Amino acid sequence: MALRRALHFVFKVGDRTKTAMFYRDVLGMKILRHEEFEEGCKATCNGPYDGKWSKTMVGFGPEDDHFVAELTYNYGVGEYQLGNDFLGLTVQSSQAVSNAKRLGWPLTEVGEALYLTQAPGGYPFYLVDKEQPPTDPVQKVCLGVSDLQRSIHYWTTLLGMKVMEKNEENKTVLMGFTDTQTLMQCKLELRDNSGTVDHGTAFGRIAFSCPREQLTDLEALIKKENHKILTPLVSLDTPGKATVEVVILADPDGHEICFVGDEAFRQLSKVDPNGNKLLDKAVAEDKSDEWFAKHNRQKAAA
């Protein structure tokens with residue numbers, strides 16, 4: 001489908017201090033922007049919470065041409081229950097592997113030049129021990145599904161993705177909005193869980209952009225095919241920044257999928273040079289961050 005592209009994956013985080021260390025010091029990502037909100041998002045970007053929350057975008061480069069992570073922090077919520085829905089994000093970076101070893105961040109070798117690690121909260125990340133490419137090092141996001149053929153039909157027929165690679169042995173399929181791997185854009189991998197998909201309370205959301213004019217037709221198609229729309233087409237305001245339009249869908253296994261109008265999103269997602277300072281300031285002023293960090297250390301030591 002013309003001009004559709006992968007943008008980011010949304011993670012709920014309970015310890016911003018340790019989370020920032022993982023993304024900045026281990027992976028080597030940059031803080032692209034940080035925003036604080038006094039009440040919940042109309043499109044539930046922060047999950048089913050109505051109170052104060054923050055959003056921090058981190059990545060190896062601008063969201064115009066990099067797949068990034070959106071870290072949502074709900075004040076007063078220190079941890080979330082993991083499910084079997086999010087199965088990993090793969091990054092090619094020997095520097096990240098080196099950083100993890102230097103900092104004593106746990107790594108498990110799971111293949112040739114391939115390591116498994118975890119972000120705070122238990123989210124799995126795979127690090128490919130090869131030189132970081134000049135383009136985006138984020139290679140793919142893997143999600144668990146209960147019926148691979150049903151999911152392939154949904155993501156291709158309704159959302160316009162193309163199957164790039166199938167692995168019958170591993171029960172996986174690699175997909176993207178282009179049919180070639182030479183275009184360095186983060187891909188989506190679906191893996192058959194051979195059972196029900198459990199989203200826990202940590203459930204995330206994957207986001208894509210498309211031309212604004214496609215949002216209405218996409219929403220209409222999903223309605224016509226009797227699939228779930230979590231948030232009908234809505235405008236989201238960020239003070240002092242562009243207003244974007246989004247529609248939030250759910251695939252057959254309940255994975256949340258956000259489509260956002262590309263034109264306004266490119267304005268909204270511009271890198272804020274003050275992102276680092278804004279995040280550090282928020283963490284310093286939030287005493288619950290300090291309490292959760294201490295609480296987690298005590299749990300780990302027990």
Side-chain angles (χ1 to χ4, degrees), residues 1-11 65-69 82-93 108-117 123-130 132-133 135-199 203-210 214 218 221-222 225-228 249-259:
M1 194 66 68
L3 301 180
R4 293 189 181 181
R5 60 191 178 96
L7 297 177
H8 58 255
F9 193 86
V10 181
F11 297 97
D65 50 15
H66 290 74
F67 188 85
V68 311
L82 289 175
N84 62 354
D85 53 346
F86 175 78
L87 300 182
L89 187 148
T90 300
V91 175
Q92 179 178 320
S93 173
T108 302
E109 192 168 3
V110 293
E112 185 179 352
L114 182 64
Y115 291 87
L116 171 64
T117 189
Y123 302 108
F125 277 66
Y126 290 90
L127 304 182
V128 179
D129 194 6
K130 295 181 181 179
Q132 189 169 305
T135 51
D136 188 5
V138 181
Q139 295 184 335
K140 63 183 179 182
V141 173
C142 184
L143 302 179
V145 300
S146 62
D147 183 331
L148 190 56
Q149 293 308 313
R150 180 182 65 176
S151 295
I152 291 173
H153 175 78
Y154 179 89
W155 288 87
T156 57
T157 305
L158 301 184
L159 303 189
M161 279 194 154
K162 297 180 179 181
V163 173
M164 300 169 57
E165 183 179 303
K166 283 185 179 180
N167 187 315
E168 299 291 344
E169 182 180 353
N170 294 333
K171 297 181 179 180
T172 61
V173 61
L174 191 68
M175 313 174 79
F177 283 117
T178 65
D179 56 4
T180 172
Q181 296 195 53
T182 58
L183 181 59
M184 293 301 294
Q185 187 185 82
C186 179
K187 305 303 185 294
L188 173 67
E189 183 177 68
L190 302 179
R191 181 183 301 161
D192 197 322
N193 278 352
S194 300
T196 304
V197 175
D198 174 16
H199 295 276
F203 63 91
R205 174 182 291 174
I206 191 166
F208 304 93
S209 74
C210 67
Q214 292 183 10
L218 175 61
L221 176 60
I222 299 298
E225 297 297 324
N226 295 315
H227 284 282
K228 187 175 290 186
L249 315 174
D251 81 348
D253 286 298
H255 288 291
E256 295 194 1
I257 308 159
C258 173
F259 275 89

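Owing to the predicted nature of the structure, the values given are computational and were not obtained by experimental measurement.
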May I ask you to decide if [Y]'s main-chain N or O and [X]'s side chain share a donor-acceptor pair within less than 3.5 Å?
X    : Y    : answer
N170 : T172 : no
K171 : E169 : no
N84  : V197 : no
R4   : L159 : yes
H255 : F86  : no

Euclidean distance, [Y] [atom2] relative to [X] [atom1], rounded to 0.5 Å:
X    : Y    : atom1 : atom2 : result
R191 : S151 : CZ    : OG    : 13.5 Å
L114 : Y126 : CG    : OH    : 7.5 Å
M175 : W155 : CE    : CH2   : 8.0 Å
C142 : L188 : SG    : CG    : 8.0 Å
H199 : L82  : NE2   : CG    : 13.0 Å

Between H153 and T157, does a side chain to side chain contact (heavy atoms under 4.5 Å, CB included) hold up when you go through it step by step? CA-CA 5 Å; H153 175 78; T157 305; 3.3 Å; yes

Assess the residue pair F9 and L143 against the criterion (side chain to side chain contact (heavy atoms under 4.5 Å, CB included)); give the C-alpha distance rounded to whole Å, side-chain angles, the decisive distance to 0.1 Å, and a yes or no. CA-CA 11 Å; F9 193 86; L143 302 179; 3.9 Å; yes

Might you point out which heavy atoms bring [X] and [Y] nearest each other, and give the distance in Å?
X    : Y    : answer
F208 : L7   : C-CD1, 3.6 Å
L221 : L158 : CD2-O, 3.6 Å
F259 : C210 : CD2-SG, 4.1 Å
C186 : A6   : O-CB, 3.9 Å
Y154 : D251 : CE2-CB, 3.5 Å
I257 : R205 : N-CG, 4.4 Å

Is the H8 to F67 ring centre distance short of 6.0 Å?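 No, they do not, as the ring centres are separated by 6.0 Å or more.
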
Between H66 and D136, does the side chain to side chain donor-acceptor pair (under 3.5 Å) criterion hold? Intermediate values first, please. CA-CA 5 Å; H66 290 74; D136 188 5; 4.7 Å; no

Just so I know, are the side chains of [X] and [Y] near enough to count as touching, which here means a heavy-atom distance under 4.5 Å?
X    : Y    : result
P124 : L116 : yes
V128 : V91  : no
L87  : N193 : yes
I152 : V163 : yes

Is any side-chain N of the basic residue among R150 and D253 closer than 4.0 Å to the acidic one's carboxylate O?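 Answer for the salt bridge query: yes.
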
Q92, E189, K187, Q185 screened by side chain to side chain donor-acceptor pair (under 3.5 Å) with Q139, the one that passes: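 Checked Q92, E189, K187, Q185 against Q139; only one passes side chain to side chain donor-acceptor pair (under 3.5 Å): Q92.
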
What verdict does the side chain to side chain contact (heavy atoms under 4.5 Å, CB included) test give for T117 and L127, after you've listed the backbone C-alpha separation in whole Å, the side-chain angles of each residue and the deciding distance to 0.1 Å? CA-CA 8 Å; T117 189; L127 304 182; 4.1 Å; yes

Check against side chain to side chain donor-acceptor pair (under 3.5 Å), S93 and Q132: CA-CA 4 Å; S93 173; Q132 189 169 305; 3.0 Å; yes

Are there over 12 heavy-atom neighbours, none belonging to E112, within less than 6.0 Å of that residue's CD?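 Check fails, neighbour count at 12 or below.
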
How far apart are the C-alpha atoms of K140 and L174, what are their side-chain angles, what is the distance that settles it, and do they pass the side chain to side chain contact (heavy atoms under 4.5 Å, CB included) test? CA-CA 8 Å; K140 63 183 179 182; L174 191 68; 4.1 Å; yes

